[in-house]
Amino acid sequence: MKGRDSISEGGLSELRREFRGERGDLIPVLQRVQEIQGYLRPEAIRIVSRWLKISENEIFGVATFYAQFRFHPPGLHHLRVCLGTACHVRGGEQILLTAQQRLGVDTGETTPDGKYDLDRVACLGCCALAPVVAFDQKVHSQMSVLKIQRILDEHKSA
Ligand code: FES
């Protein structure tokens, strides 16, 4: 049985050194797996399942509860729309809806061409500039429906 539950595939071996391998490690382990691999691959869930002795179904159930986890490869560009309180009350939902329509994807999805993915986040740490979106590494403040349309249209045609 030795090695069957080892974290050795896909660059996950370092997790053995970072965590004790207990049930309570599940969320931080999944966060690290996603950090390393970009998303939660079925093989990674299987490996974590064996290591932490938690069924794959349970891991999948826990991971789907949290919006932060992805089950498909991330897109080339990341659009994150903040829906924290400050951004929400200043029209964040409308901006998210516009981005969904413009990109043709739902939150947490990637466009079929693999170019963009769309996520909602709880706070980008600059509430005074709400509503805010982050497009790749750049934060755009005081957003509006027109501004998000313009950013996406300009980027798509670049
Ligand atoms: S709530 Fe949006 S940046 Fe804080």
Side-chain angles (χ1 to χ4, degrees), residues 10-12 14-15 17-20 22-45 48-49 52 54 56-158:
L12 302 181
E14 62 191 78
L15 295 181
R17 292 189 291 274
E18 293 178 39
F19 299 96
R20 297 166 72 173
E22 296 169 350
R23 279 186 73 90
D25 291 334
L26 179 59
I27 298 292
V29 163
L30 293 179
Q31 287 170 331
R32 282 292 289 131
V33 169
Q34 183 159 288
E35 220 174 280
I36 294 166
Q37 299 190 329
Y39 69 107
L40 300 180
R41 301 165 194 240
E43 317 87 76
I45 290 181
V48 171
S49 163
L52 301 185
I54 302 174
E56 290 176 46
N57 278 347
E58 190 178 345
I59 293 176
F60 189 75
V62 169
T64 50
F65 179 78
Y66 295 96
Q68 64 180 295
F69 294 116
R70 309 183 68 85
F71 300 95
H72 50 80
L76 206 53
H77 301 284
H78 313 284
L79 177 62
R80 291 174 293 152
V81 178
C82 182
L83 287 184
T85 306
C87 291
H88 180 78
V89 299
R90 293 188 190 151
E93 281 284 356
Q94 205 52 43
I95 291 164
L96 178 63
L97 193 63
T98 304
Q100 287 171 335
Q101 289 166 346
R102 226 47 173 197
L103 294 174
V105 294
D106 210 342
T107 309
E109 292 181 351
T110 304
T111 54
D113 61 3
K115 213 167 166 193
Y116 302 97
D117 57 39
L118 176 64
D119 279 309
R120 55 186 287 171
V121 292
C123 183
L124 285 166
C126 44
C127 311
L129 305 173
V132 172
V133 306
F135 191 50
D136 291 333
Q137 302 307 318
K138 186 169 183 205
V139 172
H140 298 265
S141 60
Q142 296 173 327
M143 290 300 298
S144 65
V145 165
L146 286 177
K147 278 187 181 176
I148 191 67
Q149 286 174 341
R150 198 179 60 229
I151 288 170
L152 290 174
D153 290 350
E154 282 174 2
H155 195 271
K156 280 176 161 181
S157 62

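Counting starts at 1 for both ligands and their atoms, in listed order. Computed from a predicted model, the values in this text were never measured in an experiment.
Residue Cys82 approaches ligand 1 through these ligand atoms, each under 4.0 Å from one of its heavy atoms: 1 (S), 2 (Fe), 3 (S). Less than 4.0 angstrom separates some heavy atom of Gly125 from each of these atoms of ligand 1: 3 (S). The ligand atoms of ligand 1 that sit less than 4.0 angstrom from a heavy atom of Cys87 are 1 (S), 2 (Fe), 3 (S).
Enclosure of atom CD in Gln94 is not indicated, since only 12 or fewer non-hydrogen atoms of other residues, nucleotides or ligands lie within 6.0 angstrom. Open room surrounds NE2 on His88; 12 or fewer heavy atoms of other groups in view lie less than 6.0 Å from it.
Classified by interplanar angle (parallel below 30°, tilted 30° to 60°, perpendicular above 60°), the ring pair His155/Tyr116 is perpendicular. Between His140 and Phe135, the angle of the ring planes lies from 30° to 60°, which puts this pair in the tilted group.
At a threshold of 4.0 Å, the pair Glu14-Arg17 does not count as salt-bridged, since none of the basic side-chain nitrogens sits closer than that to a carboxylate oxygen.
The main-chain N or O of Asp106 is found under 3.5 Å from a side-chain atom of Glu109 such that the two form a donor-acceptor pair.
Atom 3 (S) of ligand 1 has Leu124 N, 3.4 Å as its closest protein atom, hydrogens excluded (heavy atom only).
The closest approach between any non-hydrogen atom of Ala130 and ligand 1 is not below 4.0 Å.
Remark: at atom 4 (Fe) of ligand 1, atom SG from Cys127 and atom SG from Cys123 enclose 90°, rounded to the nearest 10 degrees.
Taking backbone and side chain together, His88 holds no N, O or S atom under 2.8 Å from atom 2 (Fe) of ligand 1.
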